[in-house]
Q: 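First, the structure itself, so that you have it in front of you.
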Amino acid sequence: MNSLAPFTPSHNSEPARTLRAQLLSHFQQGQNADGGWPFHQAGESRVEPTCWALRAVADSDQSAQAHITRAVAFLHSQQLPDGSWPATPWNTETAMPSGGWVTSLAASVLAPFLAQNLANEKSVQSALQWLCDDYPRDSSPWQKFLKNFASRRHESHNNEFRGWGWTPRTASWVEPTAFALMAFDSVAPNGSSASAHAPGSSFEPRIPPQLAKQISDRRTLAIGLLYDRMCAGGGWNCGNPRVYGVDGDSLVLPTCWVLLALRDATDHPHRALSLAWLQKSFATIASPGSLAVGQITLEAYGIPIPAAPRHLTDFSVADLAGQGTHIAAWISLALNPHRNWPLSSSTRLTAPPAHGSK
């Protein structure tokens with residue numbers, strides 16, 4: 001493409017419909033016998049690609065209930081006794097791995113299925129409890145004292161805030177914190193699914209009051225951490241915005257995950273500034289994954305999609321599958337004009353103020 005053109009998603013264009021149908025067929029054909037999906041065809045099932053593929057397939061208007069049921073069963077089979085999910089597979093014949101950040105992703109993906117049976121409710125509740133109990137070691141009182149004493153001249157962030165790490169009880173990172181917030185927000189305050197509670201269902205799952213209080217407390221700390229870690233000029237990177245006196249560069253995917261996680265948070269100037277950064281940066285995006293998640297994020301806030309060097313329909317199924325099941329799922333979701341994830345912004349927030357306005 002020789003010049004930038006306004007990127008109208010054109011969800012209902014023939015190329016978009018064709019590509020999405022091909023992707024959904026690819027997911028159905030590529031599901032492993034155990035119900036999970038691998039990162040790449042013929043690989044071992046993993047929690048992360050399974051979550052994204054399940055989200056894309058469940059968001060389909062095609063008949064895919066058998067695939068959904070098998071995927072949910074796979075996620076149940078991989079959940080550890082403590083409520084977490086590991087990044088790598090496990091079974092009763094191997095050593096039990098440790099849970100990690102994918103716990104947040106799995107909990108948020110299972111949340112729409114809470115009304116189907118009690119096992120889903122217990123699975124999500126135990127995952128949320130695990131997340132509430134997972135405090136990063138770098139924010140312990142002793143570690144905060146050492147950091148404040150040793151590096152206060154080189155780091156600008158506030159060590160009082162606490163988020164989550166890629167692995168439990170390590171350090172607070174931007175993206176795992178964003179996914180944990182999305183897990184919390186996938187369940188309504190009264191404990192029912194915020195996205196797909198069955199109409200007329202008599203099954204009303206509940207979050208115990210003590211857990212609800214823990215979620216509220218952790219959510220406040222996590223939102224504070226994300227706003228504290230915003231890079232200069234808007235947007236986020238993977239870690240600290242400034243180290244040894246040097247400002248870090250914002251990155252598209254971390255920025256998108258954070259903005260999606262903050263949609264239910266109280267309005268904040270940092271959010272508007274970061275949305276403006278994403279709009280401006282959209283013209284530089286060339287990779288399909290970032291393009292898809294960027295589009296999903298801006299649409300979630302009701303913002304028109306800016307010009308872009310490439311369109312999602314420029315990529316073939318083979319191109320996308322080669323980059324990973326998660327990437328292909330992001331494109332499928334972005335191409336869906338009726339996607340259920342994330343929830344429509346009209347049900348949560350008004351559109352953010354335009355850049356330069358308050």
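Remember, predicted model here, so these are calculated numbers, not experimental data.
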Q: Where the side chain of Ser45 meets the backbone of Pro38, is there a donor-acceptor pair that is under 3.5 Å apart?
A: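 No: the side chain of Ser45 does not pair with the backbone of Pro38.
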Q: Would you say Asp134's side chain and Arg169's backbone share a donor-acceptor pair under 3.5 angstrom?
A: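 The answer is yes, because a donor-acceptor pair under 3.5 Å joins these two groups.
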Q: Under 3.5 Å, is there a donor-acceptor pair between the side chain of Gln31 and the main chain of His67?
A: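 Yes.
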Q: Quick one: side chain to side chain donor-acceptor pair (under 3.5 Å) partners of Ser250, sequence neighbours excluded?
A: none
Q: For Val47, does its backbone N or O pair with a side-chain atom of Gln78 as donor and acceptor, under 3.5 Å?
A: no
Q: Give a yes or no answer on whether the side chain of Trp236 reaches the backbone of Leu226 with a donor-acceptor pair at less than 3.5 Å.
A: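 Judged by distance alone, yes, a pair lies under 3.5 Å.
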Q: Salt bridge or not between Arg55 and Asp59? Use side-chain N to carboxylate O under 4.0 Å.
A: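 Answer for the salt bridge query: no.
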Q: Applying the side-chain contact (heavy atoms from CB on, under 4.5 Å) criterion to Leu131, which one of Trp101, Phe184, Phe179 satisfies it?
A: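 Testing Leu131 for a side-chain contact (heavy atoms from CB on, under 4.5 Å) against Trp101, Phe184, Phe179 leaves exactly one candidate, Phe184.
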Q: To the nearest 0.5 Å, how far apart are CG in Leu225 and CH2 in Trp164?
A: 9.5 Å
Q: Would you say the side-chain atoms of Arg339 pair up with the backbone N or O of Ala334, donor to acceptor, closer than 3.5 Å?
A: yes
Q: Trp257 vs Trp330, test: ring-ring contact (aromatic ring centres under 6.0 Å, His included). Steps then yes/no.
A: CA-CA 12 Å; Trp257 300 135; Trp330 297 346; 5.5 Å; yes
Q: For Val293, does its backbone N or O pair with a side-chain atom of Thr297 as donor and acceptor, under 3.5 Å?
A: yes
Q: So does Leu251 get a backbone contact from the side chain of Thr255, meaning a donor-acceptor N/O pair under 3.5 Å?
A: yes
Q: Take a 6.0 Å sphere around CH2 of Trp173 and say whether it holds more than 12 heavy atoms from other residues, nucleotides or ligands.
A: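 Atom CH2 in Trp173 is not crowded, with 12 or fewer foreign heavy atoms closer than 6.0 Å.
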Q: When clusters are formed by joining ILVMFWY residues with side-chain heavy atoms under 4.5 Å apart, either directly or through shared neighbours, do Ile215 and Leu221 land in the same one?
A: no
Q: Check whether the ring centres of Trp341 and Trp52 lie less than 6.0 Å apart, and answer yes or no.
A: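 Close enough - the centres of the two rings lie under 6.0 Å apart.
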Q: Take Asp319 and Ser316 through the side-chain hydrogen bond (donor to acceptor under 3.5 Å, both in side chains) test and state the conclusion after the steps.
A: CA-CA 5 Å; Asp319 293 334; Ser316 69; 3.1 Å; yes
Q: Within the side chain of Ser77, is there an N or O that forms a donor-acceptor pair under 3.5 Å with the backbone of Phe74?
A: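 Between the backbone of Phe74 and the side chain of Ser77 there is a qualifying donor-acceptor contact (under 3.5 Å).
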Q: Hey, does the Lys NZ or Arg CZ of Arg46 hover above the aromatic six-ring of Phe39, less than 6.0 Å from the centre and inside 45° of the axis?
A: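 Judged by the rule, Arg46 and Phe39 form no cation-pi pair.
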Q: Got a sec, which residues hit side chain to side chain donor-acceptor pair (under 3.5 Å) with His268, two or more places apart in sequence or on another chain?
A: none
Q: Can you tell me if Ser290 uses its side chain to pair, donor with acceptor, with the backbone of Ser287 under 3.5 Å?
A: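 No: the side chain of Ser290 does not pair with the backbone of Ser287.
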Q: Decide whether a cation-pi geometry holds between Arg218 and Tyr135; the criteria are a distance under 6.0 Å from NZ or CZ to the six-membered ring centre and an angle within 45° of the ring axis.
A: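 Yes, Arg218 lies over the aromatic ring of Tyr135.
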